[in-house]
Peer 1: 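One structure coming up, written as structure tokens, with questions to follow.
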Amino acid sequence: MTPDRPATRLRIAVVGAGAVGGYYGALLARAGHDVRFVARGAHGDAIRRNGLTVRRFDGEFTVQAAASPNPAELGAADLVLLSVKNYDNDSALPLLPSLVRSGTTVLTLQNGVDSPDEAAAIVGREAVLGGAAYIATEIVGPGVIRQTGNYQRIAFGEVFAPAPRISDRVARLAEILVGAGIEALPAADGRVQLWEKFIYLAAMSGMTAAARQPLGVVRGDPVARARLFAAIREVEALARAEGVPVALDIVDRLSVFVDGVPASMRSSLLIDLSHGRRIEVEALQGAVVRRAARLGVPVPVMETLYAVLRAAAASPA
């Protein structure tokens with residue numbers, strides 16, 4: 001079913017039209033917003049020629065949208081979604097000024113906890129919201145994205161000026177996302193959203209990639225499971241040292257979550273490593289190690305995973 005036309009039509013720029021940004025951008029375009037993709041290569045060419053097609057659990061749809069590798073051709077936007085892989089930030093972040101004007105909001109949808117600071121260094125803290133995307137998608141061909149799960153969730157909020165209540169702009173953005181069929185989880189303190197995902201993701205992706213095994217194998221082996229949860233506790237301790245008030249029962253909640261995930265689940269880091277692609281080791285395990293060293297927090301399991309994955313990244317094949 002196509003959503004009703006939005007009461008407020010936004011111009012939205014998506015930096016990274018891949019499996020995550022392309023999917024959310026397509027939903028927003030289908031809802032009637034003016035969505036423009038910063039996209040290059042065969043994928044960008046296909047979007048320009050034929051539109052962007054999304055295959056979902058409930059059917060398939062195609063949206064027509066502007067796409068260009070040059071953000072200056074797309075113009076400034078009301079909302080910018082930053083959704084490239086972290087290792088592409090050196091080339092992606094300098095594109096932001098062409099898309100940002102007074103009042104533009106930049107929502108980061110990248111793994112890890114560093115991207116809000118990195119984006120703010122380019123466009124200023126007042127423009128940036130931090131977000132965590134929960135979705136399972138993949139590009140199956142140029143201009144075609146397939147959803148492999150049945151959820152599309154974005155948890156987000158203010159990260160530089162968190163307050164006791166959800167800010168007006170976060171509340172407005174939540175309404176826009178919901179209107180496009182995206183589950184929105186707005187928060188007064190967006191740091192909590194980022195770190196609660198990071199606690200799980202940095203440890204889980206590190207363990208599954210280092211073992212070259214899906215989560216079911218890791219959680220089913222008592223020694224590997226113990227190391228997984230040791231790593232989770234290390235990142236939790238780091239979050240608290242950073243002053244982020246993550247849930248007191250976060251480890252218990254993650255234990256339930258880990259046991260409920262399909263045994264075949266493979267982290268994107270493991271998938272990328274298995275295909276000889278670049279991996280987000282610096283944004284995940286590396287970020288833990290660097291932040292822990294600065295604050296004096298011991299993270300021996302995460303240090304080991306980081307060392308193993310750095311070596312693997314040097315020759316992924």
Side-chain angles (χ1 to χ4, degrees), residues 16 18-23 82-90 92 108-115 118 131-140 145-149 151 153 155 194-221 224-225 227-236 238-239 254 257-258 261-292 299-317:
V20 174
Y23 179 87
L82 178 62
S83 56
V84 299
K85 293 280 192 177
N86 286 275
Y87 49 67
D88 284 330
N89 275 357
D90 286 347
T108 64
L109 294 178
Q110 297 181 297
N111 287 331
V113 293
D114 291 339
S115 58
E118 293 172 350
Y134 294 86
I135 191 166
T137 50
E138 61 181 349
I139 295 178
V140 294
I145 295 170
R146 180 172 63 198
Q147 183 178 13
T148 57
Y151 53 90
R153 183 179 309 146
L194 293 180
W195 276 88
E196 289 192 347
K197 179 179 178 181
F198 188 54
I199 289 168
Y200 166 72
L201 185 61
M204 182 278 298
S205 67
M207 283 294 299
T208 56
R212 306 294 203 280
Q213 296 290 342
L215 182 57
V217 174
V218 171
R219 76 185 181 203
D221 178 85
R225 183 186 181 92
R227 292 304 88 197
L228 169 62
F229 279 91
I232 285 173
R233 291 186 183 93
E234 289 176 2
V235 189
E236 179 203 15
L238 177 59
L254 287 177
F257 179 78
V258 165
V261 171
S264 60
M265 186 272 176
R266 301 165 74 225
S267 65
S268 60
L269 195 152
L270 170 58
I271 293 170
D272 288 341
L273 186 63
S274 300
H275 287 87
R277 298 192 289 255
R278 296 177 69 187
I279 60 174
E280 293 184 300
V281 59
E282 295 299 338
L284 296 172
Q285 295 75 33
V288 171
V289 171
R290 288 188 293 273
R291 286 172 177 263
V299 289
V301 178
M302 291 301 301
E303 285 177 344
T304 301
L305 294 174
Y306 178 48
V308 168
L309 292 172
R310 269 183 63 92
S315 181

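Values below: every heavy atom of this structure, side chains too, minus hydrogens, waters and symmetry copies.
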Peer 1: With side chains defined as the heavy atoms from C-beta onward, is the minimum distance between S274 and L270 less than 4.5 Å?
Peer 2: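 A side-chain contact under 4.5 Å exists here.
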Peer 1: Kindly give the heavy-atom pair with the smallest separation between S205 and A202, and that separation in Å.
Peer 2: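 Distance-wise, the nearest heavy atoms are OG-O, 3.6 Å.
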Peer 1: With rounding to the nearest 0.5 angstrom, report the CD1 to NZ distance, I279 to K85.
Peer 2: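 The distance works out to 10.5 Å.
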Peer 1: Which atoms form the tightest heavy-atom contact between G131 and L194, and what is the distance?
Peer 2: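 That closest heavy-atom pairing would be O-CD2, 3.3 Å.
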Peer 1: To check you understand the geometry: which heavy-atom pair defines the closest contact between V299 and A292, and what is its length?
Peer 2: CG2-CB, 3.6 Å
Peer 1: Just jot down the side-chain contact (heavy atoms from CB on, under 4.5 Å) partners of Y134, sequence neighbours excluded, or say none.
Peer 2: A132, Y151, R153, A155, K197
Peer 1: What's the spacing between S83 OG and I135 CD1 if we round to 0.5 Å?
Peer 2: 10.5 Å
Peer 1: Run the numbers on L215 and L228 for side-chain contact (heavy atoms from CB on, under 4.5 Å), then give the verdict.
Peer 2: CA-CA 10 Å; L215 182 57; L228 169 62; 4.3 Å; yes
Peer 1: Is there a donor-acceptor pair closer than 3.5 Å between any side-chain N or O of T108 and the backbone N or O of L82?
Peer 2: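 Answer holds: no.
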Peer 1: Okay, side chain of S115, backbone of N111: is any donor-acceptor separation there less than 3.5 Å?
Peer 2: no
Peer 1: Kindly write out the residues that satisfy salt bridge (Lys or Arg N to Asp or Glu O under 4.0 Å) with D88, not counting sequence neighbours, or none if the list is empty.
Peer 2: R278
Peer 1: Could you go through the side chain to side chain donor-acceptor pair (under 3.5 Å) check for N86 and E118 one step at a time?
Peer 2: CA-CA 10 Å; N86 286 275; E118 293 172 350; over 6 Å; no
Peer 1: Roughly how far, to the nearest 0.5 Å, is the CZ atom of R225 from the CZ atom of R219?
Peer 2: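 Answer for the CZ-CZ pair, R219 versus R225, is 8.0 Å.
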Peer 1: Assess the residue pair M204 and I232 against the criterion (side-chain contact (heavy atoms from CB on, under 4.5 Å)); give the C-alpha distance rounded to whole Å, side-chain angles, the decisive distance to 0.1 Å, and a yes or no.
Peer 2: CA-CA 8 Å; M204 182 278 298; I232 285 173; over 6 Å; no
Peer 1: So how far is it from Q110 CD to N89 CG, rounded to the nearest 0.5 Å?
Peer 2: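 Going from CD on Q110 over to CG on N89, the span is 4.5 Å.
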Peer 1: Could you tell me which non-hydrogen atom of A133 sits nearest to which non-hydrogen atom of V20, and how far apart they are?
Peer 2: CB-CG1, 4.1 Å
Peer 1: Residues in side-chain contact (heavy atoms from CB on, under 4.5 Å) with A307, at least two apart?
Peer 2: none
Peer 1: Once ring-ring contact (aromatic ring centres under 6.0 Å, His included) is applied, do any residues pair with F229, and if so which ones, sequence neighbours excluded?
Peer 2: none
Peer 1: Who pairs with E234 by side chain to side chain donor-acceptor pair (under 3.5 Å), at least two apart in sequence or on another chain?
Peer 2: none
Peer 1: Would you please test L309 and L269 for side-chain contact (heavy atoms from CB on, under 4.5 Å) and show each step?
Peer 2: CA-CA 10 Å; L309 292 172; L269 195 152; 4.3 Å; yes
Peer 1: At their closest point, which heavy atom of L305 faces which heavy atom of A203, and how far apart are they?
Peer 2: CD1-O, 4.3 Å
Peer 1: Provide the closest heavy-atom pair for P214 versus A263 in the form atom of the first, atom of the second, distance.
Peer 2: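 So the minimum-distance heavy-atom pair works out to CB-O, 3.5 Å.
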Peer 1: Could you pull out all residues at least two apart from E196 that satisfy salt bridge (Lys or Arg N to Asp or Glu O under 4.0 Å)?
Peer 2: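 E196 satisfies salt bridge (Lys or Arg N to Asp or Glu O under 4.0 Å) with R253 only.
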Peer 1: With sequence neighbours excluded, tell me which residues meet side chain to side chain donor-acceptor pair (under 3.5 Å) with E138.
Peer 2: R146
Peer 1: Answer whether the closest heavy-atom distance between the side chains of V308 and Q285 falls below 4.5 Å.
Peer 2: no
Peer 1: Roughly how far, to the nearest 0.5 Å, is the CZ atom of R266 from the CD atom of Q213?
Peer 2: 9.5 Å
Peer 1: Set out, in order, the CA-CA distance, both residues' side-chain angles and the distance that settles side-chain contact (heavy atoms from CB on, under 4.5 Å) for Y306 and E282, then state yes or no.
Peer 2: CA-CA 8 Å; Y306 178 48; E282 295 299 338; 2.9 Å; yes
Peer 1: What residues, two or more places apart in sequence or in another chain, satisfy side-chain contact (heavy atoms from CB on, under 4.5 Å) together with A287?
Peer 2: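 Counting only residues at least two positions away or on another chain, A287 forms a side-chain contact (heavy atoms from CB on, under 4.5 Å) with D114, F198, R290.
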Peer 1: Could you tell me which residues satisfy side-chain contact (heavy atoms from CB on, under 4.5 Å) with R227, sequence neighbours excluded, listed by chain and number?
Peer 2: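 R227: side-chain contact (heavy atoms from CB on, under 4.5 Å) contacts with M207, A230, V301.
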Peer 1: Does any part of the side chain of V235, heavy atoms only, come nearer than 4.5 Å to the side chain of W195, both counted from C-beta?
Peer 2: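 A side-chain contact exists here, since the closest heavy-atom pair is under 4.5 Å.
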Peer 1: For Q147 and Y23, what are the C-alpha separation, side-chain angles and deciding distance, and is it a side chain to side chain donor-acceptor pair (under 3.5 Å)?
Peer 2: CA-CA 8 Å; Q147 183 178 13; Y23 179 87; 3.0 Å; yes
Peer 1: What residues, two or more places apart in sequence or in another chain, satisfy side chain to side chain donor-acceptor pair (under 3.5 Å) together with S267?
Peer 2: T208
Peer 1: Are more than 12 heavy atoms from other residues, nucleotides or ligands located less than 6.0 Å from atom CZ of R291?
Peer 2: yes
